[in-house]
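Here the structure is laid out as structure tokens; the discussion comes afterwards.
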Amino acid sequence: MPMSESNVPLSRQGEGSGVRLRFAPSPTGYLHVGGARTALFNWLYARRVGGAFLLRIEDTDKARSSDEHTQVILDGLTWLGLDWDEDVVFQGARVERHRDVADQLLAAGHAYAEEGAVRLRMPQGEIAWDDTVHGPISFQGVDVKDWIILRSDRTPTYNFSVVVDDIDMKVTQVMRGDDHISNTPKQIAVYRALGVPLPAFGHVPMIHGMDGKKLSKRHGATAVGDYQQLGILPAAMRNFLALLGWSPGGDRELFYDIKEMTEAFTLEGIQRKAAIFDTKKLEWMNGQHLTQLAPAELLPIITPILTSQGFDPAAYDGERILRAIQVVRERSRTTLEVARQVAVRLGSGAIENDPKAAEAIAKDPAAFKTATESAARRLAGVPEDKWEPTQLEAELRALAESFGIPAGKVFQPIRIALTGGTVSEPVHDLIWAVGKTETLSRLKAATG
RNA sequence: GCCCCCAUCGUCUAACGGUUAGGACACCACUCUUUCAAGGUGGUAACGGGAGUUCGAUUCUCCCUGGGGGUACCA
């Protein structure tokens, strides 16, 4: 598995700015939405200013790390459309370097040995920085105890490795979660002891679940991959994540193009308050993105879903699939829903009625039977070359008129017979999408 | 306990001393319609509390309250 391949940036805007940011996840097996948003902010800012966006995998915890886990993270970022510059850095491969620097600090008297471990001397005065998100933040050195940078087994600790790596990677802006604010004074002390200038620090707020608590497994889907599985489009996920904790100002809400988002992005627009992850809004936003995509663009996304649902898209005329996607897309919130509805329109299997449909039939079985039977008879007389929405609607309206009943009394039973549900696009469009043969067969089955 | 961060509708947010406190999701009506999770129109709904500063505070300062994070030889 080639973990160290470098990504070719799609939108490198010149290397001139000298600004370098990084995203440093630990390979836990999934990309948490909070991490994903942090990555997105880093990426957006790097691209905005023409800087570099780097990736460092913090795999020092060997017990929990694996190549597969790392791959999940990389896949998640790629799915979101976030590309990175230069080779991925693996922290685990750098322990020698960390040891060297720790020894260097020891020799210089900035750290001292204690029971085999190496402990950093914390300065007494004020440790402050101008946070790019929060503004001035300050701690007192005395409040932060001397801490271990190298364990007695000579492995480096997190807060120490991070600094050594950031220095070596020439990171100029550190943007990470709020939970690292209290780590920052420790890290600043390392920079000072090493005589290295500080990068800019910025701490973005956390993401919470609907109950206001830290987002966790308890809240259901928390990984980017979960949302991919649920039928969320990467562009929508990106859009939603970006607006969770960042605002372009004004009423701007939808970003269909990642370039527009990049151009609008500013550090000033980042929120200081934790945000709650609202799935409902994500779904709404996904629906917006869905209707924005042409059926042809949706096709490659829908195809694998259809396949995984035991449906063979290859067996169908591409035009028919596109036609189905087109009529279904506007009412769907997820690609999963699109696929399900497409399958209903193209498939030839038995139709199962949902509760609402069953209820509607039960209300007046005789009327349902009459409507579907007469519709089948009428539609059977429509030649294939006249099988198009306008003609079909005219036929059905004429049918209703001949019975002296409202058109709806004819349309709704047909809808139920064809979809097993009470909701769909206009019935004539539905019939058009399902096709003559299958339409007649379903009407017959419903009557039967 | 100690340290740090945060605080506008239920939720995401706009506002950067003077607004009927705006938009979006959700919700509720109404409307369109053959149905609807679609479209259209409208509505309910917020500045946590108390002191200041100021002619004037949602906005600036302090206190309180509430929420969050950190206090490891975890990351």
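Chain letters run A, B, ... following the sequence lines, proteins first and then strands; every chain starts at 1. Since the structure is predicted, the reported quantities are computational estimates derived from the model, not experimental observations.
Using a 4.0 Å cut-off between charged side-chain N and carboxylate O, A:Arg340 and A:Glu337 make no salt bridge.
The side chain of A:Phe139 sits closest to B:C3 out of B:G68, B:A75, B:C3. Considering only the side chain of A:Arg397, B:U34 comes nearest among B:C4, B:C12, B:U34.
A:Ser247 comes within 4.0 angstrom of the backbone, heavy atoms only, and of no base. At the heavy-atom level, A:Thr184 lies nowhere under 4.0 Å from the strands shown. When heavy atoms are screened at a 4.0 angstrom cut-off, A:His428 is found touching base atoms of the nucleic acid. Within the 4.0 angstrom heavy-atom criterion, no nucleotide atom of any strand lies near A:Asp153. Among the heavy atoms of the strands lying under 4.0 Å from A:Ile148 is at least one base atom, whether or not backbone atoms are also near.
Between A:Arg151 and the phosphate of B:A75, there is a side-chain N or O to OP1/OP2 separation shorter than 4.0 Å. For A:Gln271 and B:C6, the shortest distance from a side-chain N or O to OP1 or OP2 is not below 4.0 Å. Proximity of A:His134 to the phosphate of B:C6: a side-chain N or O atom is located under 4.0 Å from OP1 or OP2. Phosphate proximity of B:U34 to A:Arg415: absent, as no side-chain N or O sits under 4.0 Å from OP1 or OP2.
Around atom CD of A:Glu401, no more than 12 heavy atoms belonging to other residues, nucleotides or ligands sit under 6.0 Å away. When the shell of 6.0 Å around NZ of A:Lys436 is examined, it contains more than 12 heavy atoms from other residues, nucleotides or ligands.
Using modelled atom types, no side-chain atom of A:Ser332 and backbone atom of A:Thr334 make a donor-acceptor pair closer than 3.5 Å.
Nucleotide B:G66: paired with B:C6 (Watson-Crick or G-U wobble, both distances less than 3.5 Å).
Legend: residues meeting ring-ring contact (aromatic ring centres under 6.0 Å, His included) with A:Phe368, ordered by chain and number and at least two apart, are absent. For A:His219, the side-chain hydrogen bond (donor to acceptor under 3.5 Å, both in side chains) partners at least two apart in sequence or on another chain are A:Asp211.
Under 3.5 Å, the side chain of A:Thr422 and the base of B:C36 form no donor-acceptor pair of N or O atoms.
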Contact string for nucleotides 19-30 of chain B, one letter per nucleotide 5' to 3', B = base within protein heavy-atom range under 4.0 Å, S = sugar-phosphate only, - = neither, reads ---BBBSS----
